[in-house]
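Chain identifiers are assigned alphabetically (A, B, ...) following the order of the sequence lines, protein sequences preceding nucleic acid strands; residue numbering begins at 1 within each chain.
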Amino acid sequence: MQYAQIVLPLNLRGTFTYKIPDELIPFIQIGMRVLVPFGGKKIYTGIVFEIHDQDPETFVAKDIISTLDEQPIVPKEQINFWNWLSGYYLCNLGEIYRFAFPSSLKLESETYLKLKPNITIEFENLDINEMHLIQALEVRQLINLTDIEAFIAKKEIVKTINSLIDLQYIEIDEKISEKYKAKEVAYVKIPEQLLENENLTEILSKLNRSPKQKDLFLLILSRQTENPSGFIKKSELFENGNFAGTHFKALSDKKLLEEYYQQKDRLESYEGEIEDLDVLSDAQKSAKADVDEAFEEKKNVLLHGVTSSGKTHIYLEKIDECVNEGKNVLFLLPEISLTKQITQRLEKKYGKQLGFYHQKLTDFEKVEVWRRIKNNDVKILIATRGALFLPFQNLGLIIVDEEHDSAYKPREVTPFFNAKDAALVLAGLYDARVILGSATPSVESYYLAKKEKLKYIFLNERFGKVKLPEYELINFKEAQDSKKVSGNFSLQLIDEIKKTLHEKNQTIILHNRRGYANVIECESCGYVNYCSNCDVVMTYHKSANEMKCHYCGQRASKPKTCPKCYSENLNERGVGVEQIHEEISKIFPENEVDRMDVDSMRKKFAYEKLYEKIEDRETDIIVGTQMISKGLDFDHIELVAIPKADSMLYVQDFRAEERAYQLITQVSGRAGRVSGNGKVLIQTFNPDHSVFQLIKLNNVAKIYKYFLTERQKFHYPPFTKLIMIELKHTKEDRVNRASQFLGSILRKYLPEECILGPEKAPIARLNNLYQFQILLKLPRGKNYEKFKNRVLLSLKEFDEITAYQSIKKGVFVDF
DNA sequence: AGCACGCCGACT
DNA sequence: GTCGGCGTGCTC
């Protein structure tokens with residue numbers, strides 16, 4: 001007896017055991033998709049994860065219905081990768097499978113059945129259900145499993161299908177492959193033997209009586225002799241209206257032409273000039289030599305290059321080398337909107353061998369890329385984190401650009417994983433190398449580099465020796481005391497903007513808070529407007545004239561009077577980016593001031609329009625949230641101002657200071673990219689704060705040393721490993737009790753100092769779910785595995801309590 | 001996760 | 001009297 005462990009697209013622990021029918025035993029392989037029955041009536045596409053001969057003891061295994069692939073669709077490296085992810089992040093294989101596959105590759109009850117061609121059916125041997133199904137198929141050809149429910153009892157469906165497949169009457173329709181067949185384009189050529197053997201004049205004289213056919217033939221002949229290796233599209237021949245399909249058909253019938261089809265994407269290649277890579281500067285050359293050396297030792301690299309130092313040049317060199325060695329490259333970005341510059345340069349050089357993959361593609365497009373990757377047609381893939389799951393054949397290099405970016409580990413998407421760390425593991429499985437690149441590496445990566453787990457390469461000058469911007473701290477308290485302020489701006493800051501405007505240069509103002517005012521409060525009774533779904537106050541958005549909840553998206557109209565005491569004294573408190581924009585517009589009425597945040601960029605092409613305005617220097621001042629720290633590489637931005645820098649530090653998060661540093665540095669990088677005269681003004685009530693002081697010093701080693709000291713002092717990563725467990729439910733007392741209970745199990749297995757909580761989450765209710773959390777601080781190193789296994793044990797023990805099964809549970813490892 | 005079964009309240 | 005709410009149990 002042969003059995004297979006199958007992963008199903010369900011959020012359930014582990015794999016499921018199915019019996020392999022004898023006829024499939026010779027063909028079935030790990031990594032193939034199979035169709036299996038599950039529960040009474042469902043059929044799922046699962047993945048074969050293991051093949052063995054161990055009889056299950058506690059249940060009877062069902063049979064696999066059929067295989068869907070002739071070759072494994074998941075390579076063995078990916079099988080290992082899935083296993084690692086599920087073990088490391090304590091998530092189910094089913095969640096990974098769901099995330100990894102485009103939905104059309106894992107059709108569930110959307111699977112179609114059809115009659116086998118040329119069969120004779122012996123109806124007398126069929127039962128009533130089998131007969132119904134056959135009759136239905138005779139009428140409709142294709143039938144969907146959900147449709148079958150209409151005339152066969154749910155419990156009987158799987159049995160019926162299985163028996164008809166066994167009888168060889170019906171089969172699974174490979175709709176998947178047909179549906180996603182690449183577009184084919186018709187091409188024409190004159191058969192070569194015709195040109196070699198026959199006398200051309202003879203052919204032409206035969207065509208004398210049909211001049212149109214002759215002209216068409218001559219046209220094709222001339223194009224073919226002009227460029228023997230070129231392709232002639234059939235559709236092009238009819239473009240000017242001189243010829244019609246009948247002329248073509250006549251020639252084709254006389255065997256003077258040959259029609260053939262090719263997949264569209266294989267043929268198009270970039271026809272422009274191939275651009276040479278720019279020449280590297282000395283600093284870049286030495287950095288590249290360091291990368292080479294690290295790769296020789298099979299070591300991965302942290303490329304820490306200040307803004308505009310030209311990390312991209314180094315990437316391009318290494319991509320080129322990797323491709324020349326016949327291997328493929330995965331280039332990861334935090335979000336796909338940042339592809340512009342890198343794409344332009346790679347497209348010229350690699351044309352059709354370049355691919356793109358991100359979550360905004362349609363399912364069709366995803367499957368298309370999947371196919372190209374599987375066929376090894378893509379040399380370089382520019383992609384977001386989802387691409388880590390593609391069936392790479394020959395991966396040689398992964399580049400993780402902007403490796404510090406939190407978009408690599410979004411909390412809202414399951415399974416939770418950090419694409420940066422996952423990339424390192426995946427590369428290991430393919431024996432590929434990794435470059436993590438950033439101007440502001442994460443503290444974790446920096447620490448790994450200092451511990452020589454990664455090779456640390458520092459590019460500390462901008463390309464072309466352009467100077468880095470200068471930082472200046474403005475003491476806002478002092479400015480206020482000496483009455484040198486206007487609203488939220490010190491006069492000094494306003495003067496600097498004036499100066500920049502006078503020199504016809506542009507200014508960026510960063511204020512990382514959406515909306516106009518954070519809170520609207522009643523002065524008489526203290527009422528504030530809470531979101532009805534979440535325990536957070538609603539933010540006032542003046543431009544949309546409404547209140548918005550930034551967590552669940554709920555909107556409400558702005559109250560004119562206090563709903564509680566009817567007082568009209570409503571006070572706006574807490575400054576948002578809209579207010580900063582309004583103030584600046586009033587101070588500089590003659591100038592063009594634009595706002596850039598998720599709210600103003602929501603309209604289609606809003607981003608593109610603003611981008612062009614800035615590029616054409618129509619915009620003088622850009623006021624924005626953290627959005628402005630990415631992708632805005634313009635030559636005439638000379639000043640960056642951060643009027644309320646303190647707001648970034650007052651966040652309850654041990655990474656707040658790191659984030660503030662990263663954001664300030666990234667935005668500052670936009671200033672003086674060409675002139676080298678960039679200036680950054682940080683306005684703060686705490687100019688003595690270490691982070692601001694260190695940023696001003698602009699000494700990278702000192703900044704990271706400070707972060708690492710703080711992290712060590714308070715036992716935070718990278719000195720400990722964090723696991724956050726979050727429980728959610730609509731009923732507060734239920735989650736509360738459940739989290740207390742989970743806490744007590746954890747305390748049974750883990751030392752007290754490792755466990756914080758359970759306690760209410762900082763946002764106690766979100767989208768009508770109450771949330772509690774438990775934070776685990778586990779030691780790094782050898783003991784970590786042991787401790788994590790105990791966490792797993794605790795979670796399993798918790799899961800056994802049926803009363804808590806309706807509680808949603810989130811586990812975030814390295815959150 | 002997704003589904004069936006079973007037990008309670010509020011409706012034609 | 002039944003429809004439908006969600007609590008519980010189960011899936012190879």
What integer distance in Å separates [X]:[atom1] from [N]:[atom2]?
X: A:I43; N: B:dG2; atom1: CD1; atom2: P; answer: 17 Å
X: A:F59; N: C:dC10; atom1: CZ; atom2: P; answer: 15 Å
X: A:L8; N: B:dG2; atom1: CG; atom2: P; answer: 12 Å
X: A:Q805; N: B:dA1; atom1: CD; atom2: P; answer: 11 Å
X: A:Y44; N: C:dC12; atom1: OH; atom2: P; answer: 10 Å
X: A:D799; N: C:dT11; atom1: CG; atom2: P; answer: 16 Å
X: A:I807; N: C:dG9; atom1: CD1; atom2: C1'; answer: 17 Å
X: A:I801; N: C:dT8; atom1: CD1; atom2: C1'; answer: 14 Å

Pairs under 3.5 Å (N/O, protein and nucleotides 4-7 of chain C):
none

Residue pair [X] / [Y], side-chain donor-acceptor N/O under 3.5 Å:
X: A:N11; Y: A:N92; result: yes
X: A:E797; Y: A:S794; result: no
X: A:E77; Y: A:N80; result: no

Quiz item: For A:K748, does the NZ atom sit with more than 12 other heavy atoms under 6.0 Å from it, leaving out its own atoms?
Solution: yes

Exercise. Check ring pair (Phe, Tyr, Trp, His ring centres under 6.0 Å) between A:F27 and all other residues, then give those that pass, not counting sequence neighbours.
Key: none

Practice problem: Looking only at side-chain atoms of A:T802, point me to the closest of C:dG9, B:dA1, C:dC12. | Solution: C:dG9

Quiz item: Does anything in residues 10-21 of chain A reach DNA chain B, meaning a heavy atom under 4.0 Å, and if so which residues?
Solution: A:N11, A:L12

Quiz item: Can you name the residues that form a side chain to side chain donor-acceptor pair (under 3.5 Å) with A:S806, not counting sequence neighbours?
Solution: A:H729, A:R734

Quiz item: Among all residues two or more places apart in sequence or in another chain, which pass the side-chain contact (heavy atoms from CB on, under 4.5 Å) test with A:R765?
Solution: A:D535, A:N768, A:Y770

Quiz prompt | Partner residues of A:R780 under the salt bridge (charged side-chain N to carboxylate O under 4.0 Å, His left out) criterion, sequence neighbours left out | solution = none

Quiz item: Hey, would you say the A:F389 and A:F81 ring centroids sit under 6.0 Å apart?
Solution: yes

